[in-house]
Amino acid sequence: AMTQLMRTDYDSFIRFGITQFTQGGFDDEMAAEMVRRFPATELTSHVWDMHIERPEPVSELLRQVDKPLLLAKHEGCLVFTAEGYEDLVAAFPDAMTVSVPKASPASEDFAEALREFCERVGG
C-alpha cells in the first residue's frame with residue numbers, strides 16, 4: 001500500500017504515509033517540510049524499492065565496522081520485526097540497546113540513549 005501511494009501521490013505518501021508509518025513519530029508539519037525539501041524523483045522510487053525488495057545483510061555489515069554499537073528498537077515498528085531486533089541483539093551481545101515508543105529520529109528517549117552512548121564510548 002505504501003509503495004502504491006508513493007507512486008501515485010508522492011506528496012500524500014510523505015505527508016500522510018510517513019506520519020502513519022512512524023506511528024506519529026513525525027507530525028504533519030514535519031511531513032510537509034519533508035515534501036518541501038525532498039521532491040519526488042526517480043531516485044526516491046529506486047531507494048524505496050531497494051529497501052523493500054533487497055534486504056541487506058545487516059549483521060555482516062556491522063561486523064565489518066568493528067566499533068561499539070547502539071541498537072535501537074522502535075516498539076511496534078511497521079518495518080522491522082521484534083524478532084529481527086532480538087536476533088541482532090543476540091549477534092552483538094556487547095552492544096548497548098534501547099527500546100523506544102517512537103521512531104528513533106523522532107524520539108527524545110533515543111536522543112538521550114545516544115548521548116549516553118557517546119559519553120560512554122568517547123570518555
Side-chain angles (χ1 to χ4, degrees):
M2 294 295 284
T3 300
Q4 181 68 21
L5 181 60
M6 185 198 63
R7 290 193 175 128
T8 58
D9 187 351
Y10 179 77
D11 288 1
S12 291
F13 167 77
I14 296 297
R15 195 167 254 163
F16 306 112
I18 296 298
T19 301
Q20 291 298 314
F21 213 48
T22 62
Q23 299 168 321
F26 298 115
D27 61 16
D28 289 336
E29 184 178 324
M30 175 63 75
E33 184 64 14
M34 291 169 76
V35 167
R36 188 183 73 73
R37 290 184 182 196
F38 303 106
T41 65
E42 270 304 302
L43 181 60
T44 306
S45 293
H46 178 71
V47 169
W48 178 262
D49 289 342
M50 183 180 71
H51 280 81
I52 299 297
E53 298 170 3
R54 196 179 87 203
E56 296 294 334
V58 175
S59 294
E60 293 172 26
L61 294 170
L62 289 175
R63 282 189 208 299
Q64 293 173 17
V65 174
D66 193 32
K67 300 289 181 199
L69 298 173
L70 169 61
L71 303 176
K73 174 185 177 185
H74 170 201
E75 297 165 11
C77 181
L78 299 175
V79 178
F80 300 103
T81 65
E83 295 82 10
Y85 177 76
E86 296 306 323
D87 289 346
L88 192 59
V89 169
F92 297 94
D94 294 333
M96 183 176 157
T97 61
V98 62
S99 182
V100 296
K102 290 183 184 178
S104 306
S107 170
E108 299 83 14
D109 295 333
F110 176 73
E112 182 58 37
L114 183 57
R115 274 189 217 91
E116 182 183 328
F117 175 75
C118 291
E119 288 170 1
R120 216 184 268 181
V121 170

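Bear in mind the structure is a predicted one, so any value in this text is a computation, not a measurement.
As a member of the Ile/Leu/Val/Met/Phe/Trp/Tyr network built from side-chain separations under 4.5 Å, Phe117 groups with Leu70, Met96, Val98, Val100, Phe110, Leu114, Val121.
When all heavy atoms of Lys73 and Glu86 are compared, the closest pair comes out as NZ-OE2, 4.2 Å. Taking every heavy atom of both residues into account, Phe92 and Leu62 meet most closely at CZ-CB, 3.6 Å.
Ala111 meets the side chain to side chain contact (heavy atoms under 4.5 Å, CB included) test with Arg115; sequence neighbours excluded. Partners of Arg63 according to the salt bridge (charged side-chain N to carboxylate O under 4.0 Å, His left out) rule, which considers only residues two or more places apart in sequence or in another chain, do not exist here. Every residue was checked against the side-chain hydrogen bond (donor to acceptor under 3.5 Å, both in side chains) condition with Asp109, not counting sequence neighbours, and none meets it. With sequence neighbours excluded, no residue forms a side chain to side chain contact (heavy atoms under 4.5 Å, CB included) with Asp87. Listed by chain and residue number, nothing satisfies the side-chain hydrogen bond (donor to acceptor under 3.5 Å, both in side chains) test with Thr97 (two or more places apart in sequence, or in another chain).
Side-chain atoms of Tyr85 do not come within 3.5 Å of backbone N or O of Glu75 as any donor-acceptor pair.
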